[in-house]
Amino acid sequence: MLEEKRKRVLELTEILEKANYEYYVLANPTLTDQEFDKYMRELENIEKDYPELASPSSPTKRVGGEVIEKFEKIRHSIPMLSLPDVFNEDEIRDFDERIKKAGYNPQYVCELKIDGLSGSFHYEDGVLVTGATRGDGVVGENITHNVKTIRSLPLKLKEKINIEVRGEIYMPRKVLAKLNQERSELNLPLFQNCRNAAAGSIRQLDSKIAAGRGLDTWIYHLPNPVDYGIKTQWESLEFMKKLGFKINPANRLVNNIDEILDFIDEYRNKRDTLSYDIDGVVIKVNDLKMQQELGYTSKFPRWAIAYKFPALEVLTKLTDIIFTVGRTGRITPNAVLEPVIVMGSTISRATLHNEDYVLEKGLKIGDIVSIRKAGDVIPEVVEPKLERRTGNEKDFVMITNCPICGSVLGKKPGQVDHYCLNPHCPARHIEGLIHFCSRKAMNIDGLGEKIIEDFFNLGYIKSIIDIYHLDVHKKDLQELEGYGRKSIENLLEAIENSKKNSLERLLFGLGINGIGDKTALVLAKKFKTLDNLMAQSEEDLKALKDIGPILAKNIYTFFQNVDNLELINNLVMLGINTLYLGEGEKYSELITDKRFVVTGTISFMGRDEIEALIESYGGHPSSSVSSKTDVVIVGDKPGSKADKAKELNIEIWDEEKLSDVLKNLGELN
Ligand code: IVH
């Protein structure tokens, strides 16, 4: 019986892996979804009844379920290098000429530079045994449990060999769009781009989460080609394709610089039509012996470069300019655009900052404009295309009255921004409420922008005080479409918990003009209680090191205003804490009293969050590296700050080190 089952497990494994390969690698399925599910269920059932037959590389592992406690380190037998970036044709020609000067006339392989994160995958006897991140290039993290859920990565190869391959783990654009849609409905922070989303998904302890994130792979590198008698990069790609890996069909073997430039041009144009993000083209010397002879610098191979596309610009129509009112009453003109896809996301709005900005660009309504996604994230209107004007465009006219409450706008002398001066303007209230609940302020989980807007419009929350009376409407809220019993319960609990926040959160949340979270902390630390702060004169405040005359005036006048005093009184009566609780709460000799700079992207945590944690331990985050800096935290794609840190011999923490420190402090699982 067992033998029979063992045979069936092998059969089913083969059927399912073949189906996976056909579906996810070849995009050419031969099984229907129903058939696939039927075989999968049969295999799951056998594995349940005969656990001894469940192999670690069974296709049933693809759905996840394995939960690890922490990420183990894996040392790469051959370092995982990155490539030198080049940004224009001249630099590509320099690269080609350098190689020619060394006496070669090479063929090159052009590959797309996939915007994900690189991974290394080890197979023994043709079976996937480990997957690792690049880490710092020398030591990465073991992500095997998550890697097994990536459908396009074979669990078993077509040959029973030992091999390591490397490639990019990425999230397709459509998957990101859907994921962000779901997250926005749940009021969770959105992923900024495919790369961050892929990195965040692969760094999950529970593989079920990664399994649900639709990750994919393109494999592009074989670290030990000689072991398989392979002589060129092109052969490596062919070889890995034969083994069952997903190799990008765009890869091209080219003979000279002109063909390289053609490839780049072609994909500059096709870039938007791809189902995944690319940020450039990788150019590799094809011949592996040549590669070996060209060798390496201390950081990079000399036989390959990464050409990075310039920020992408596309054309669209500026159909209108509308105005929004911020928390401080500031008016912002916004471009309404005919929706256009830039780097995989649809852009239909872009900020135009202020009147002067629009006038300087000379924008007219109806213009065809070029749009750029600066830093791959924030959309920006670059310029109007004057040659496309028809004469029907309308001049931009700055409004004179608030678009929401109709009051006359004001402008401070010498400044560019217009303000709605009505402190009771409803738009200001919504923005003010959003600010009060935001993460750096009272941090009320579940009261995000959309919900606040809903509750405001439905009349449940008109002022900050109403937030703390929401429990009165519990029943009504639970019946609202799209909310539900549990989510309202969680929300009310989060509101209740926010009453215990330390003073600086309340101070920041109150939205005193010019008081950011950092200044709020300075004030809370200095004065310890709200009463004490409120008792200070303008002169006392001005005398403080971190507070200039304008801030001093803003703070002082805020606490003179009767509406504000009433609000504070009510908050106190509702039991909201007004004491500074921070000091002495948390201590770490690695963080407390030290000066930190964070640069680059840390895959598991946003910069704001890292800085908030540092502050919660009495450390001091700052934005520039100097001889006073104690530690520089360096993430992916760091700026020049990382170089400066090295120059000044400042302690550097990479992602692993940061995660170790935080784990030891119990701040990270
Ligand atoms: S080859 C020694 N090929 O870009 C060769 N890298 O700065 C190492 N990448 O860390 C990499 N697409 O994450 C290579 N077709 C491709 C790539 C690629 C994306 C990433 C990879 C690497 C970085 C290079």
Side-chain angles (χ1 to χ4, degrees), residues 325-332 353-357 402 407-425 427-429 431-432 434-436 438 440-442 464 501-569 571-572 578-580 582-583 593 595 597 608 611-612 614-615 618-624 626 628-629:
V325 190
R327 175 172 56 87
T328 54
R330 196 172 69 158
I331 307 289
T332 308
H353 306 287
N354 53 53
E355 179 187 18
D356 287 10
Y357 185 90
C402 172
S407 353
V408 174
L409 302 182
K411 193 171 169 185
K412 290 180 198 151
Q415 293 206 350
V416 288
D417 293 317
H418 288 78
Y419 284 86
C420 165
L421 304 175
N422 172 10
H424 301 293
C425 174
R428 292 180 63 166
H429 279 160
E431 294 295 330
I434 292 170
H435 174 76
F436 184 83
S438 64
K440 287 189 187 172
M442 295 300 270
I464 288 177
N501 283 338
S502 182
L503 171 62
E504 64 277 12
R505 287 185 171 277
L506 175 62
L507 270 184
F508 177 54
L510 287 174
I512 306 169
N513 234 332
I515 305 296
D517 56 325
K518 297 208 169 77
T519 316
L521 184 65
V522 169
L523 292 170
K525 270 191 179 160
K526 172 85 191 154
F527 295 108
K528 303 283 188 291
T529 74
L530 186 59
D531 281 347
N532 194 10
L533 171 63
M534 288 169 71
Q536 304 300 314
S537 71
E538 196 176 328
E539 289 309 308
D540 292 338
L541 292 165
K542 222 189 293 181
L544 294 175
K545 185 165 73 62
D546 302 276
I547 310 287
I550 297 176
L551 282 190
K553 190 178 180 69
N554 289 350
I555 299 167
Y556 181 75
T557 40
F558 183 90
F559 291 121
Q560 297 302 307
N561 177 302
V562 278
D563 292 335
N564 295 336
L565 292 179
E566 190 186 325
L567 168 66
I568 290 167
N569 248 331
L571 287 171
V572 172
T578 56
L579 309 179
Y580 174 58
E583 212 152 55
D593 288 336
R595 289 175 193 276
V597 173
D608 287 349
E611 293 188 343
I614 291 172
E615 279 181 337
H620 310 289
S622 130
S623 55
S624 58
S626 75
K628 294 210 185 86
T629 310

*How far does OG1 of Thr578 sit from CD1 of Ile568, to the nearest 0.5 angstrom?*
9.5 Å
*Among Ser623, Pro621, Ser622, whose side-chain contact (heavy atoms from CB on, under 4.5 Å) with Glu611 holds?*
Pro621
_Regarding Glu539 and Lys542, does a basic nitrogen lie under 4.0 Å from an acidic carboxylate oxygen?_
yes
*Could you tell me the separation between the CG atom of Leu409 and the CG atom of Asp417, rounded to the nearest 0.5 Å?*
11.5 Å
_Contact check, side chains of Ile515 and Leu507, non-hydrogen atoms, under 4.5 Å_ = no
_Residues, nucleotides or ligands: over 12 heavy atoms within 6.0 Å of Lys411 NZ_ = yes
*Ignoring hydrogens and angles, state whether a donor on the side chain of Asn564 or Gln560 is under 3.5 Å from an acceptor on the partner side chain.*
no
*Side-chain donor or acceptor of Gln536 paired with backbone N/O of Asn532 under 3.5 Å*: yes
*Shortest non-hydrogen contact from Asp563 to His424?*
OD2-CE1, 3.7 Å
*Could you pull out the closest heavy-atom pair between Thr529 and Leu503, with the gap in Å?*
C-CD2, 3.7 Å
*Reported CD1-to-CG distance for the pair Ile512 and Asn561, which is rounded to 0.5 angstrom*: 11.0 Å
*List the atom of Leu506, the atom of Leu571, and the distance in Å for their closest heavy-atom pair.*
CD1-CD1, 4.0 Å
_Leu523 vs Ile547 side-chain heavy atoms within contact, under 4.5 Å_ = yes
*Do Met534 and Leu565 come close enough that some side-chain heavy atom pair is under 4.5 Å?*
yes
*Where do Ser407 and Asn422 come nearest, in terms of heavy atoms and distance?*
OG-CB, 3.2 Å
*How close do Glu538 and Ala552 get, heavy atom to heavy atom, and via which atoms?*
O-CB, 3.8 Å
*Can you list every ring-ring contact (aromatic ring centres under 6.0 Å, His included) pair that touches residues 506-564, not counting sequence neighbours?*
His435-Phe508
*asked:* Less than 4.5 Å apart, side chain to side chain, heavy atoms only: is that true for Leu421 and Val408?
replied: no
*Would you name the heavy atoms of Thr332 and His353 that are closest together and state the gap between them?*
CG2-O, 3.8 Å
*Starting at CD1 of Ile331, measure out to SG of Cys420 and round the result to the nearest 0.5 Å.*
6.0 Å
*asked:* If you define the side chain from C-beta out and look only at heavy atoms, does anything of Ile555 sit under 4.5 Å from Thr519?
replied: no
*Mind checking the OG-CD spacing from Ser502 to Glu504? Nearest 0.5 Å is all I need.*
3.5 Å
*Nearest 0.5 Å, what's the CG-CG distance between Leu544 and Leu551?*
10.5 Å
*Would you please name every residue forming a side-chain hydrogen bond (donor to acceptor under 3.5 Å, both in side chains) with Asp540, sequence neighbours left out?*
Ser537
*Would a distance-only check, ignoring hydrogens and angles, find a side-chain to backbone donor-acceptor pair under 3.5 Å from Arg330 to Tyr419?*
no
